[in-house]
Student: 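Take this structure, written in structure tokens, and hold onto it; I'll ask about it next.
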Amino acid sequence: MATESSESEEEGKISGGNEKLILDDDLREMGKNAAWSVSSCKPGNGVNTLRDDNLETYWQSDGLQPHLINIQFQKKVRLQLVALYVDFKLDESYTPSKISVRAGDGFHNLKEVKSVELVKPSGWVSVSLSGTDPRETFVNTFMLQIAMLSNHLNGRDTHIRQIKVYGPRPNPIPRQPFQFTSTEFLAYSTLR
Amino acid sequence: MESLLVNSVEKNLTQFMFSNAIFLCERLLADFPSEVNLQLLARCYLSNGQPYSAYYILKGSKTPQSRYLFALSCFKLDLLGEAEAALLSTVEQQVIPGGAAGHYLLGLIYRYAGRKNSSVEQFRIALSCDPLCWEAYAQLCSLGVAEEASTVFGNVAAQRLQKTHVPQRINFSEGETKDQLIDSDKASKDISVWQTEHVPGENQQDLKVKQLGAEIPPDTDNQRNASSHTNGWDLNTPSPVLPQVLDVPPPMLYKNMRRPEVEGLMSVHGEPRKKFVCEEESSEAPEESRRRRSARIAAKRKIPMFHHSPSESNGVPSLSSMIGKCRIQSSKEATTSGQSINDTGSSVDDEQNSNPRGSSLDPFSLMSGISEMLNLLKILGDGHRSLHMYNCQEALLIYQKLSEKQYNTHWVLMQVGKAYVELQDYFSADSVFTLAHQKYPYALEGMDTYSTVLYHLKEEMRLGYLAQELIAIDRLSPESWCASGNYYSLRKDHEAALKMFRRAIQLNERFTYAHTLCGHELAALEDFEDAERCYRKALSIDTRHYNAWYGLGMTYIHQEKFEFAQHQFQLALQINPRSSVIMCYFGIALHESKRNDEALKMMEKAIVADARNPISKYFKANILANLGDYHKALKVLEELKDSAPQESSVHALLGKIYKQVKLYDKAVLNFGIALDLNPSTSDAVKIKACMERLIVPDELETEEDL
């Protein structure tokens, strides 16, 4: 799991944020194989800014709430974590406050997986998609939708500077049920 | 003025003052335009790294030397067609300019153009022209068509070397007469005869013999007498001399004498001599029979040593002093040839005066020098060839035969390291490479393999440090960037790793390994098409780079194209028939194609090939479990568990199989251990899920009982 500065599990509130994104080794970014779309945007601040690895550029919505970011995959993928870069100090009323993460096969059957409330976040905020049950560590889905339900200070539109979506790494050794853990096995398992 | 300018330019070239040389050469050419001066200017440009300038000025030249330089410039500019045309513009093969160097260059051109057979032919000719053209042999090894080192560096080579080196003697020493030339001929015959006695396996002996020869101190009167006889020997038959020479003083004296000789020898020949000398120093106990030979050799050696020095401008003073010391028999010769006789080293000045460039060389010392050199090359050639045939155990044994000093040179250590890597013995490889890197921090060749070793051992910190060090030493060497790439790859940052490997490729298009590593990174990023392209590029440069075949096979397995995968692994195995890892994956590909018997056989082969490889047993157990043969699978896994108790996947698989055979207690036990051993998150989830499903039937049972 990603580290978070503070989070109270019961209420799902996240305050603060990390300047650097710190992750587990066995996560990998899945956003490249997905089609990204947004519910609305201001010209010049479109969906590309969410994936350009540039924290200066941001996406600005331009319509009614809730603002949506849709991430669609070609096949079912297991996802574990969503990381957003938002900054209250820069964006103030554009900073999202209530966020709902939904998953499903398409627009017709999305179901909420996680709901969090951000409190003056500043930096990378990680939203874990796991449930309490170990069997629910991953969300296995075709589509993920991140909905900005409300903003700080009741702002109408929202700014998001960057988004990353993470899932587990596949087994580097093909067609094997389990991954190797000890150095000896790993050393022998590949040629380089 | 012309000669003044020519001398100045030559001097500048030797002192690496290239811009000055170019300037003076332009003045020279302006006033005295001639082919020779044009060649001189081209040499200046080539030394200064301006092949394009050399190309332009030499375009259209006809003389052999010009054609060679022109071809070299074309080659550096990657204009292979023109380079080839320049070298071949006369029809007769004999007249390829530059001799061995020309053939070697032509071989390289053909190899780069992909014309393997022609290149092999050229390399072979280069070797026959000049047996010391090691690079040609190395190229043949990497093409997989090298002959045995003993034939390449054998008698024929010795004769060739004698032919090229001995006649020069005459030019230098005043006193040297045709007699000595005849001597050398006879001596060469002697040597060839002598050498036929010493068939390849006797390297050590030969060397010891030579040592003895070298050691014979000059100061005994006996030896003086002997020397006159040896003179006679030179002219006639060697045998009469031998009994007298047997009175040679005991070995201990040799040792003392050897040191100065060593110095001189080394200065003359640099590396080959070093080996020569070291071999001497290493074997200390001469035997009767060897003494005879040594006497012969000693006599021979003096002249060859002198002989070689003309070509080496830096070796004269020490050489002559050394030669002075080891001049036993040839004291008489010395007088006749005008060389100073040395008693205990007083001859240095005389020698220097009479032979400013070490002219009069003893043909016998030349012979022994040649044979020592060739023996060294035989060992190195054998080792190199074995390594390229992936016969690694043998290669290691062969390299052990070297003297300690030769063994500890960078090239040999790299070879040894690579041999360990091919045997998957990464710990030994690590120690060898670390030693080499400590001793030779400036030598970057082979550091890419070192970084791979650290990658396999998961030594992130050391790898990072190595990468930084290498880049600090040379930002423009592909090996440094390969090391950085491996570091990022170890940290799973495949994008960054890819960037590094691409930089390495930019620096050297023909760096095969960088292409393969690129392919690995792309495969890790699941971009299999591009990965395939990279692997094929690597293979186009070097078909025998079996890592690329392996990589291709792995991409096909990932894409579930199992037949293609089998084909690639088969090709890889043809090149390296001893790699248990390749056999393992070949087995997997076979199993997935439902050829299960062959798959199991392949796994058996893998287990036999490398008993320390746990993966082959694990895969075998997995295949058996998939086929339903649970008991055998359990047996294999239990063995494996004992030898690798820390591996989570072994326990997880055990748990799974125990569940299949309904031994639920054991299953739960193993799942628990597996979870304790820190599996990856997805595996942990799987294992926990399996465990839950196990507990449920138990609960059902207990409920029923109740």
Side-chain angles (χ1 to χ4, degrees), chain A residues 1-2 20-34 51-53 73-81 128-140 164 166-192, chain B residues 424 426 452 455-458 486 489 491-492 494 516-517 520 524-526 546-547 550-551 554 557-558 560 572 579-582 584-585 588 591-592 610 612-616 618-619 622 625 644 646-650 652-653 656 674 677-689 692:
Chain A
M1 300 296 133
K20 277 201 190 302
L21 189 54
I22 305 165
L23 300 164
D24 276 344
D25 233 2
D26 58 356
L27 289 175
R28 82 172 159 145
E29 222 268 316
M30 313 277 299
K32 280 204 305 290
N33 331 342
R51 302 290 299 161
D52 61 358
D53 277 325
F73 297 92
Q74 281 191 327
K75 45 182 181 159
K76 264 198 174 171
V77 290
R78 291 188 298 169
L79 299 170
Q80 205 178 335
L81 190 81
S128 157
L129 302 174
S130 318
T132 43
D133 201 311
R135 273 174 296 187
E136 287 175 14
T137 320
F138 308 119
V139 168
N140 201 9
K164 290 196 190 285
Y166 289 94
R169 279 188 198 281
N171 193 349
I173 322 292
R175 324 297 299 177
Q176 290 305 306
F178 302 106
Q179 296 188 25
F180 297 136
T181 54
S182 63
T183 321
E184 197 196 348
F185 268 66
L186 285 168
Y188 272 103
S189 66
T190 54
L191 281 183
R192 195 156 168 83
Chain B
Q424 257 102 46
Y426 298 117
T452 303
Y455 173 92
H456 277 286
L457 293 174
K458 306 257 169 278
N486 270 330
S489 183
R491 307 196 53 178
K492 309 277 191 226
H494 298 293
T516 312
L517 288 170
H520 289 320
L525 289 170
E526 310 217 319
Y546 76 94
N547 307 52
Y550 160 84
M554 293 301 281
I557 289 192
H558 274 112
E560 310 207 351
S579 168
S580 60
V581 179
I582 299 182
C584 284
Y585 287 108
I588 297 232
H591 172 59
E592 297 289 342
D610 186 355
R612 286 173 313 161
N613 185 352
I615 305 286
S616 39
Y618 181 86
F619 284 173
N622 197 27
Q646 297 295 325
E647 176 56 45
S648 150
S649 54
V650 171
L653 189 56
K656 211 173 119 185
L677 290 172
N678 265 334
S680 69
T681 329
S682 45
D683 279 0
V685 170
K686 255 195 233 175
I687 298 172
K688 283 183 198 161
E692 299 231 334

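In what follows, every chain begins at residue 1, and chains take the letters A, B, ... in the order their sequences are listed. Because the structure is a prediction, the values reported are computed rather than measured.
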Student: Hey, what do you get for CZ (A/F180) to OG (B/S680), rounding to the nearest 0.5 Å?
Tutor: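 So the gap between those two atoms works out to 11.5 Å.
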Student: Quick one: which of B/N613, B/L653, B/I557 has the most heavy-atom pairs under 4.5 Å with chain A, could you say?
Tutor: B/N613
Student: Using the side-chain contact (heavy atoms from CB on, under 4.5 Å) rule, take A/L191 and B/Y546 through it: C-alpha gap first, then chi angles, then the decisive distance, then the call.
Tutor: CA-CA 10 Å; A/L191 281 183; B/Y546 76 94; 3.7 Å; yes
Student: Would B/I588 and A/Q176 count as a side-chain contact (heavy atoms from CB on, under 4.5 Å) here? Give the steps.
Tutor: CA-CA 9 Å; B/I588 297 232; A/Q176 290 305 306; 3.1 Å; yes
Student: So which of A/L186, A/T183, A/D26 has the largest heavy-atom pair count under 4.5 angstrom toward chain B?
Tutor: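 It is A/D26.
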Student: Of all of A/I173, A/N171, A/N33, which one pairs up most often with chain B through heavy atoms under 4.5 Å apart?
Tutor: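 Of the candidates given, the most pairs with chain B belong to A/I173.
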Student: Using a 4.5 angstrom heavy-atom cutoff, name the option from A/E136, A/R169, A/R78 with the most pairs to chain B.
Tutor: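 Maximum pair count with chain B is reached by A/R169.
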Student: Please round to the nearest 0.5 Å and tell me the distance separating atom CG of A/D25 and atom CZ of B/R491.
Tutor: 8.0 Å
Student: Using non-hydrogen atoms and a 4.5 Å limit, figure out which bit of B/S579 sits close to chain A: side chain, backbone, both or neither.
Tutor: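 Interface part for B/S579: side chain.
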Student: Do A/T137 side-chain atoms and B/V685 backbone N/O form a donor-acceptor pair below 3.5 Å?
Tutor: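 Checking the backbone N and O of B/V685 against the side chain of A/T137, no donor-acceptor pair under 3.5 Å is found.
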Student: Decide, yes or no, whether a salt bridge links B/E526 with A/R28 under the criterion of side-chain N to carboxylate O below 4.0 Å.
Tutor: yes
Student: Which bit of A/F138 comes within less than 4.5 Å of chain B, counting heavy atoms only: side chain, backbone, both or neither?
Tutor: side chain
Student: Contact part of B/T452 toward chain A, heavy-atom cut-off under 4.5 Å: side chain, backbone, both or neither?
Tutor: side chain
Student: With chain A as the partner, which of B/K492, B/K458, B/H591, B/H494 has the greatest number of non-hydrogen pairs under 4.5 Å?
Tutor: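 Result: the option with the highest number of such pairs is B/K492.
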Student: Write down the atom of B/V650, the atom of A/F185, and the distance for their closest heavy-atom approach.
Tutor: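 Shortest heavy-atom separation between B/V650 and A/F185 comes out as CG2-CZ, 3.7 Å.
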Student: What heavy-atom pair brings B/D683 and A/P177 nearest, and what distance separates the two atoms?
Tutor: OD1-O, 4.0 Å
Student: Is a side-chain donor or acceptor of A/K32 paired with a backbone partner of B/L525 at a separation under 3.5 angstrom?
Tutor: no
Student: With a 4.5 angstrom heavy-atom cut-off, which part of B/K688 approaches chain A: side chain, backbone, both or neither?
Tutor: side chain
Student: In terms of heavy-atom proximity below 4.5 Å to chain B, should A/P168 be classed as side chain, backbone, both, or neither?
Tutor: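 Contact with chain B: side chain only.
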Student: Does any heavy atom of chain A fall under 4.5 Å from the side chain of B/N678, the backbone, both, or neither of them?
Tutor: backbone
Student: With rounding to the nearest 0.5 angstrom, report the CD to CD distance, A/Q179 to B/E647.
Tutor: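 Taking CD in A/Q179 and CD in B/E647, the distance rounds to 10.5 Å.
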Student: Would you mind checking which part of B/I687 comes under 4.5 Å of any heavy atom in chain A, side chain (CB onward), backbone (N, CA, C, O), both or neither?
Tutor: side chain
Student: I need the A/D133 CG to B/E692 CD distance, nearest 0.5 Å.
Tutor: 6.5 Å
Student: Heavy atoms only, distances under 4.5 angstrom: which of B/S649, B/A674, B/P679 has the most pairs with chain A? Name it, please.
Tutor: B/S649
Student: Could you tell me which of B/K686, B/Q646, B/R612 has the largest number of non-hydrogen atom pairs under 4.5 Å with chain A?
Tutor: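 Option with the top pair count is B/R612.
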Student: Roughly how far apart are B/N547 CG and A/R192 CZ, rounded to 0.5 Å?
Tutor: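 Rounded to the nearest 0.5 Å, the CG-CZ separation comes to 10.5 Å.
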Student: How long is the straight-line distance from CD1 of B/I615 back to OH of A/Y188, given to the nearest 0.5 Å?
Tutor: 9.5 Å
